[in-house]
Structures are given as C-alpha cells and as structure tokens.
Amino acid sequence: MTERTDLFGFAESLTAAETEKLAGLRALLEERARPHLARWWEDATCPEHLRAEMAALRLEDDPALLTADGAPRPVYIGFRHFELARFDMSIGTLYGGQVGMFRTLVREGGSPEQIERWDPRIPSFELTGCFALTEPAHGSDIAGGLETTAVRVGDSWRISGRKRWIGNAAISDVLVVVARDEVDGSAKAFVVPRTSDGVTVTDISGKIALRMVRNGDIVLDDVVVPEHDRLQRIDSFRDLSRILADLRFVVAWNAAGLQAGAYEAALRYTLAREQFGRPVAGFQLVQEKLTRMLGNATATLAMAMRLTERRASGAAEDAHAALVKTWAADRARETVALAREVCGAEGIRVDTDVARFFADAEALYTFEGTHEINSLIVGRAITGLSAFTR
C-alpha cells in the first residue's frame with residue numbers, strides 16, 4: 001500500500017517478513033500480469049499459469065510467516081487478500097479459491113487422514129480444488145433447498161444434481177460437492193475428481209464481472225464417490241456453516257482492496273489527464289470525489305481489521321460479518337462509480353483499470369450473501385426479531 005492510500009497506517013501492523021512477502025506478490029503481479037491484464041479481462045482469458053508462479057512465492061507456508069499453531073496470522077491473510085483484490089479480483093479468486101476456500105474445507109471438514117493426504121499438496125497447487133455449493137435454482141435458500149442428492153451404496157455414494165457459478169471449476173482437479181443425503185436429509189460434502197464418469201463442467205460465458213474467472217455449470221449424473229472421499233467432519237449444513245463462517249472475514253478485505261485499487265487507478269488517471277492546461281486532479285469537484293473514494297476504502301479497511309481481530313479472539317458473530325459485508329459492498333459500488341466518473345469517457349475502457357473494478361464490484365455485491373440477506377441477519381441481531389419468511 002502507498003502512503004497516499006493507507007493514511008492511517010493499517011499496514012504497520014504487519015511484521016517485516018509479512019511486508020516483504022506481500023511486496024514480492026505485488027512485484028510479481030506488476031511484472032507478470034500488468035502488461036496483459038486489460039487483454040485478459042477483455043478476452044475473458046483465465047491466467048491459470050500464474051498459479052504456479054504465485055505458489056512459488058510461498059505465501060502460505062514460508063516458515064517466516066507461521067505462528068505457533070503452524071498458520072500465518074489472520075491479519076496477514078487479510079492483507080494478502082487485500083493485495084490481490086487491489087490488483088484484480090479475478091486473480092484474487094484464482095488464488096484465494098484454492099488456498100482459502102478449498103484448503104479451509106479440507107482442513108476444517110476432513111478427518112486427520114484426509115488432511116494428511118490432501119493438505120500438503122494444496123498450497124503448491126499440486127492438487128487443485130473448488131467448492132461446489134450453489135445450484136441453478138438456489139442461492140440464499142440453499143440450506144433448505146439443496147437438490148443435489150447422495151445415496152449410499154455399500155462403501156460408496158452415488159451423487160446426482162447440478163451446481164452453478166462454481167469458481168475455478170474447469171481448472172480444478174477435484175470438486176468439493178455438497179449434496180443432500182437422501183436417507184437422513186442432511187448435507188454432506190464429497191471430494192469428487194473433475195474427470196469422474198458422470199461429471200460435466202461447462203464454462204459460464206457472457207459475464208460482465210470477474211471475466212477471467214472460469215465459473216462453471218456442473219452436472220453430476222450418478223457419480224460414484226467412495227466413502228473415504230467424503231469429508232468426514234461435515235455431517236450437516238450447520239457443520240458447513242461453521243467452516244464458511246471462518247471465511248467470511250475475507251470479503252471485507254476484498255472490498256477494501258477493490259476500492260483501494262479503483263481509487264489508485266482514478267488518482268493516476270486524474271493526475272496525468274490535463275484539461276484547461278492543468279491536471280484534472282487539481283479541480284475542486286474531482287478532489288471531492290477522490291476524497292470520498294479514499295474515505296470509503298479507509299473505512300472498509302478499518303472494519304476489516306476490526307472484524308479480523310474479533311475473529312482471532314473468538315468474539316466474532318454472524319452479525320459482525322454480515323454488517324461488514326453489506327456495508328462494505330455498498331460502499332464499493334459507490335467508490336467504483338466515482339472512479340469511473342472522474343475518468344470520463346476513458347473510464348469505460350479497460351486500459352484505465354477502473355472499468356474492471358467497476359464491473360467486479362457487482363460480483364462482490366452479490367456473493368457471500370446478498371445485501372438483503374445480510375441486512376436481515378443484522379436486523380435479527382439488533383432487534384431480536386427474525387424477518388426471514390421461513
């Protein structure tokens with residue numbers, strides 16, 4: 001982060017080793033991705049080759065980053081997501097879907113034997129995976145509307161159903177598929193090889209956001225999965241929710257990073273663009289908009305820091321994450337709109353960067369719970385009254 005972006009010095013909470021690691025990530029992205037970023041986004045090309053290059057930085061398992069429990073500090077994890085989102089949300093998803101979502105599911109949902117079998121190969125991307133929960137007809141109501149089913153037959157399961165909007169699906173070795181046990185009605189999670197008989201993955205095209213992410217439609221037609229590939233510590237949707245709760249703090253960091261990236265792109269452009277013989281950044285109304293952008297990004301980063309602190313101390317509740325998500329995503333929409341506005345006509349071209357942030361804010365606004373659902377979670381917490389219909 002530059003001093004003009006991090007006015008309150010949030011990054012000062014990082015150790016020297018953490019700061020150096022994030023600087024290495026920034027340098028890699030600038031050298032290996034920046035020259036191609038606009039073309040990748042416009043052509044909807046997934047830069048999957050970057051996975052190996054990012055993995056080589058050892059952003060997860062460098063001994064200099066690990067605490068006594070063998071994991072990096074939560075604040076470092078947050079700033080890593082911030083750094084990726086500040087550069088590009090699609091590349092952030094390419095990396096975070098693997099080491100964040102997939103690895104957390106294995107570590108928190110797997111048995112000791114499964115963790116030993118899979119976890120060491122995840123940070124290096126030797127084994128790649130994605131999380132297949134959302135379905136074509138179900139989003140916010142997936143907990144009670146899970147239509148993908150699993151039937152136990154001896155030592156195996158037969159899974160049938162459909163999943164939609166699954167990030168990194170076509171470039172993952174395995175899919176963590178959530179299905180409803182037809183016997184007891186509970187949710188269970190299965191590690192399914194993408195090349196299994198009966199599995200079909202089709203890329204979703206025509207997206208206006210996260211264009212470099214290969215979101216997939218998945219069809220599972222009587223797919224056989226052995227019991228030893230079922231995540232043994234997920235036996236209900238409650239178990240799954242417990243794991244997902246550990247990941248929700250990341251959304252706040254993504255929102256902060258996206259806004260910081262949009263603000264920095266707008267600042268670069270307005271300092272370089274001249275009208276009436278001087279940079280447009282010197283005009284009053286442009287400065288007011290830049291100030292609002294920086295304020296939104298700073299406030300979001302402050303909420304992300306506090307949410308991360310509460311989570312680390314065990315004091316974070318669902319309402320905390322829901323409030324941050326709904327507020328930060330709303331501010332992100334405003335920030336990217338202002339960024340596009342101060343860039344004028346050039347703001348709708350990908351070369352100025354703000355167009356990517358403008359579009360990607362729409363995906364951020366929707367995933368990890370819509371504005372409405374998160375608002376109802378907070379409303380229930382502050383009033384003691386549930387406004388959910390079921």
Side-chain angles (χ1 to χ4, degrees), residues 69 71 96-123 127-135 138-169 172-194 196 198-199 216 218 220 222-251 311 314 316-318 321 367-369 377:
D69 64 357
Q98 167 81 2
V99 301
M101 184 74 75
F102 176 47
R103 194 181 194 193
T104 300
L105 286 164
V106 169
R107 283 188 156 188
E108 301 298 324
S111 67
E113 181 277 327
Q114 289 174 324
I115 296 172
E116 183 179 1
R117 179 167 29 129
W118 291 319
D119 185 66
R121 296 187 290 154
I122 296 176
L127 175 69
T128 56
C130 63
F131 182 39
L133 172 62
T134 304
E135 298 184 348
H138 298 282
S140 299
D141 68 341
I142 190 67
L146 196 60
E147 294 186 18
T148 300
T149 59
V151 179
R152 178 124 187 208
V153 181
D155 291 332
S156 297
W157 295 80
R158 292 186 176 275
I159 303 174
S160 294
R162 294 185 61 193
K163 299 293 180 179
R164 184 164 172 81
W165 288 113
I166 310 307
N168 301 331
S172 292
D173 299 319
V174 297
L175 324 168
V176 179
V177 175
V178 180
R180 176 173 52 82
D181 186 340
E182 284 200 342
V183 173
D184 62 15
S186 64
K188 292 180 170 58
F190 304 85
V191 178
V192 182
R194 179 175 49 83
S196 297
V199 175
I218 301 174
L220 303 115
D222 205 24
V223 179
V224 178
V225 182
E227 165 65 12
H228 68 76
D229 284 347
R230 180 180 69 83
L231 291 177
Q232 297 297 304
R233 288 191 288 158
I234 298 178
D235 288 309
S236 67
F237 213 91
R238 180 172 303 223
D239 293 334
L240 195 60
S241 296
R242 166 183 55 81
I243 296 170
L244 295 178
D246 282 341
L247 293 165
R248 289 203 179 96
F249 83 106
V250 168
V251 180
R311 173 180 171 271
E317 301 174 1
D318 287 346
F367 65 54
E368 292 293 343
I377 292 172

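This one's a predicted model, so the numbers in the text were calculated from it and none came from an experiment.
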For the residue pair [X] and [Y], what are the closest heavy atoms and their distance?
X      : Y      : result
Ala189 : Val176 : CB-CG1, 4.2 Å
Glu227 : Trp157 : OE1-NE1, 2.6 Å
Pro193 : Ser196 : O-OG, 2.9 Å
Asp119 : Val106 : N-CG1, 4.4 Å
Gln114 : Leu231 : OE1-CA, 3.7 Å
Gly110 : Ile115 : O-CD1, 3.7 Å

Is it the case that over 12 heavy atoms from other parts of the model lie below 6.0 angstrom from the [atom1] atom of [X]?
X      : atom1 : result
Arg233 : CZ    : yes
Asp69  : CG    : yes
Glu113 : CD    : yes
Arg242 : CZ    : yes

- Item | Thr134/Phe367 under side chain to side chain contact (heavy atoms under 4.5 Å, CB included): CA gap, chis, key distance, verdict | CA-CA 10 Å; Thr134 304; Phe367 65 54; over 6 Å; no
- Kindly indicate whether the side chain of Phe131, heavy atoms from C-beta on, has any atom under 4.5 Å from the side chain of Leu240.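 Result yes, sub-4.5 Å side-chain heavy-atom pair found.
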Got a second to check how far [X]'s [atom1] is from [Y]'s [atom2], nearest 0.5 Å?
X      : Y      : atom1 : atom2 : answer
Arg194 : Ile218 : CZ    : CD1   : 10.0 Å
Glu108 : Arg103 : CD    : CZ    : 11.0 Å
Leu105 : Ile243 : CG    : CD1   : 6.0 Å
Asp181 : Ser236 : CG    : OG    : 12.0 Å
Asp239 : Lys188 : CG    : NZ    : 9.5 Å

- Message: Can you tell whether the side chains of Arg152 and Asp184 come within less than 4.0 Å, N to carboxylate O?
- Response: no
- Arg230 with Asp235: basic N within carboxylate O range, under 4.0 Å: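 Yes, Arg230 and Asp235 are salt-bridged.
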- Message: For Val178, is there any backbone N or O sitting under 3.5 Å from a side-chain donor or acceptor partner on Lys163?
- Response: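 Side chain of Lys163 to backbone of Val178, a donor-acceptor pair under 3.5 Å: yes, one is there.
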- Message: For Thr128, give me all partners under side chain to side chain contact (heavy atoms under 4.5 Å, CB included), at least two apart in sequence or on another chain.
- Response: Arg51, Gln98, Phe125, Ser172, Asp173
- Message: According to side chain to side chain contact (heavy atoms under 4.5 Å, CB included), who are the partners of Val174, at least two apart in sequence or on a separate chain?
- Response: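 Here the qualifying residues are Phe102, Leu127, Val191.
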- From CA spacing to verdict: side chain to side chain contact (heavy atoms under 4.5 Å, CB included), Ile166, Leu175: CA-CA 9 Å; Ile166 310 307; Leu175 324 168; 5.8 Å; no
- Just do the side chain to side chain contact (heavy atoms under 4.5 Å, CB included) check on Phe237 and Leu133 with the steps written out, would you? CA-CA 11 Å; Phe237 213 91; Leu133 172 62; 4.1 Å; yes
- Task: Test Leu244 against Thr104 for side chain to side chain contact (heavy atoms under 4.5 Å, CB included), laying out the working first.
- Result: CA-CA 9 Å; Leu244 295 178; Thr104 300; over 6 Å; no
